[in-house]
Amino acid sequence: MRIIISPAKKMREDVDSLPPRGLPALLGETERLLAHLRGLSLPELKKLLSCNDQLAQLNYQRYQTMDLGRRLTPALLAYEGIQYRYMAPGVFSQGALDYVEDHLRILSGFYGVLRPFDGVTPYRLEMGARLKTSFCKDLYDFWGEKLAAALDPGGVVLDLASGEYSRAVIPHLPAGTRVITPIFGEPRADGKVAEKGVYVKMARGEMVRFLAEGGVEDPEAVTAFEGLDFRYCPQRSRADRPVFLRDVEKGADGVKSR
């Protein structure tokens, strides 16, 4: 089973906590992107990244001086978004670290697919960025089938990534690959489930921690997740779309969620 998650916009450099164990599998493609990004002017980069002047200047300098082989941080510790704060990999047990090394993969617009201990350097490039070049119409076109091939899913993918990132992988998976996409939300009066972005990110991080600390190998065991007051709701779930409801004893239809 492979677990896929999104990266985060905010990154940090940490060359002291844990050493990287390797380099990204698609580093040659990253070097190609870097060469293009270095050729952009500051206004062009700002437009591409859809960010403010300060972030544009920061990332312009990053790309101009970037060394993909020095002062690297393990990918698992490099990202600082909500999902990663709730995953809290910095306090993982050794067993959990071993688990994520085997099972977890981080998707990236810049690096493609990352193993948790691949060494990375801070960057900013979202998968949905409108990067149109002489060699690609956008990053989905650039990466094509490469991400799915590098993922080596082993028959089952647990999709904890955002739509922006899972879209770069799921359509290219081998035929017969089972994709499980957990839904985290609250019941609505019309019977649907309302997903709220912050809580979804928090729950995805907590679920990675739950799986890693428990050494979970059976995909069906994800339904035992109860982090952040989410509970599995079988009545609203499908085989590959388990639904978890937050702070709800009964669904909108009056049926208990457990």
Side-chain angles (χ1 to χ4, degrees), residues 2-38 40 45 48-49 51 55-92 96-129 131 139-140 142-143 146-152 160-162 164-166 168-169 201 204-205 208-209 212:
R2 286 280 186 257
I3 305 164
I4 58 173
I5 61 175
S6 304
K9 292 179 182 179
K10 188 176 180 181
M11 297 184 70
R12 66 191 182 107
E13 187 179 82
D14 180 354
V15 297
D16 298 318
S17 296
L18 289 172
R21 298 179 185 175
L23 294 173
L26 300 172
L27 193 59
E29 301 303 313
T30 301
E31 290 171 343
R32 192 177 181 193
L33 287 175
L34 177 56
H36 174 80
L37 292 167
R38 276 184 175 151
L40 298 179
L45 185 65
L48 174 67
L49 301 183
C51 62
L55 286 173
Q57 184 65 49
L58 170 64
N59 286 281
Y60 181 80
Q61 292 300 323
R62 278 177 173 172
Y63 286 129
Q64 294 303 313
T65 61
M66 187 174 287
D67 187 333
L68 298 174
R70 294 183 63 253
R71 293 194 61 80
L72 303 179
T73 302
L76 189 65
L77 303 181
Y79 296 104
E80 292 194 294
I82 294 171
Q83 180 174 4
Y84 291 84
R85 292 203 297 271
Y86 278 79
M87 190 194 315
V91 293
F92 270 5
L97 291 173
D98 293 341
Y99 178 92
V100 293
E101 183 176 20
D102 289 340
H103 295 279
L104 185 67
R105 296 295 181 265
I106 302 168
L107 306 181
S108 163
F110 188 58
Y111 283 104
V113 173
L114 292 165
R115 296 163 295 190
F117 295 100
D118 284 345
V120 301
T121 191
Y123 68 91
R124 187 183 180 100
L125 185 67
E126 296 177 64
M127 189 67 76
L131 183 72
L139 284 170
Y140 296 105
F142 177 77
W143 289 115
K146 299 183 186 75
L147 306 193
L151 194 64
D152 186 21
L160 293 176
S162 66
E164 175 185 354
Y165 285 89
S166 60
V169 171
K201 292 176 182 178
R204 286 169 174 165
V208 173
R209 164 173 283 280

> Side-chain contact, heavy-atom cut-off 4.5 Å: H36 with L131?
yes

> Can you tell me if R105 uses its side chain to pair, donor with acceptor, with the backbone of E101 under 3.5 Å?
yes

> Distance check, rounded to the nearest 0.5 Å: L104 atom CG versus I5 atom CD1?
4.5 Å

> Looking at CG of L125 and CG of L45, how far apart are the two atoms once the value is rounded to the nearest 0.5 Å?
9.0 Å

> Would a distance-only check, ignoring hydrogens and angles, find a side-chain to backbone donor-acceptor pair under 3.5 Å from Y165 to M127?
yes

> Taking Y63 for the side chain and R124 for the main chain, is one N or O donor matched with an acceptor at less than 3.5 Å?
yes

> I want to check something: taking the side chain as every heavy atom from C-beta on, are E164 and Y140 in contact at a cut-off of under 4.5 Å?
yes

> Below 4.5 Å, heavy atoms only, C-beta onward: do L23 and L68 meet side chain to side chain?
no

> Supply the atom-to-atom distance M11 CE to F110 CZ, rounded to the nearest 0.5 angstrom.
9.5 Å

> With a 4.5 Å limit on heavy-atom distance, are the side chains of L49 and L55 in contact?
no

> Give, for atom CG of D14 and atom CD of E80, the distance between the pair rounded to the nearest 0.5 Å.
9.5 Å

> Mind listing the closest non-hydrogen atom pair of P24 and L114 along with its distance?
CG-CD2, 3.6 Å

> With a 4.5 Å cut-off on side-chain heavy atoms, are L37 and N59 touching?
no

> Are there over 12 heavy-atom neighbours, none belonging to Y86, within less than 6.0 Å of that residue's OH?
no

> Looking at E29 and W143, would you say the former's side chain and the latter's main chain have a donor-acceptor pair under 3.5 Å?
no

> Can you check side chain to side chain contact (heavy atoms under 4.5 Å, CB included) on L18 and F92, steps first, answer last?
CA-CA 12 Å; L18 289 172; F92 270 5; over 6 Å; no

> Within the distance-only criterion (no hydrogens, no angle test), does the side chain of R2 pair as donor or acceptor with the backbone N or O of D102 below 3.5 angstrom?
yes

> Quick one, R12 and L77 - any side-chain contact, counting heavy atoms below 4.5 Å?
yes

> Among L147, D118, L33, whose side-chain contact (heavy atoms from CB on, under 4.5 Å) with L26 holds?
L147

> Using modelled atom types and a 3.5 Å cut-off, is there a donor and acceptor pairing between side-chain atoms of Q64 and backbone atoms of R38?
yes

> Are the ring centres of Y111 and Y123 closer than 6.0 Å?
yes

> I need the I4 CD1 to I106 CD1 distance, nearest 0.5 Å.
12.0 Å

> Which atoms form the tightest heavy-atom contact between A161 and S166, and what is the distance?
CB-N, 4.1 Å

> If I take atom CG from residue L76 and atom CZ from residue R115, how far apart are they, to the nearest 0.5 angstrom?
13.5 Å

> With a 4.5 Å limit on heavy-atom distance, are the side chains of T121 and T73 in contact?
no

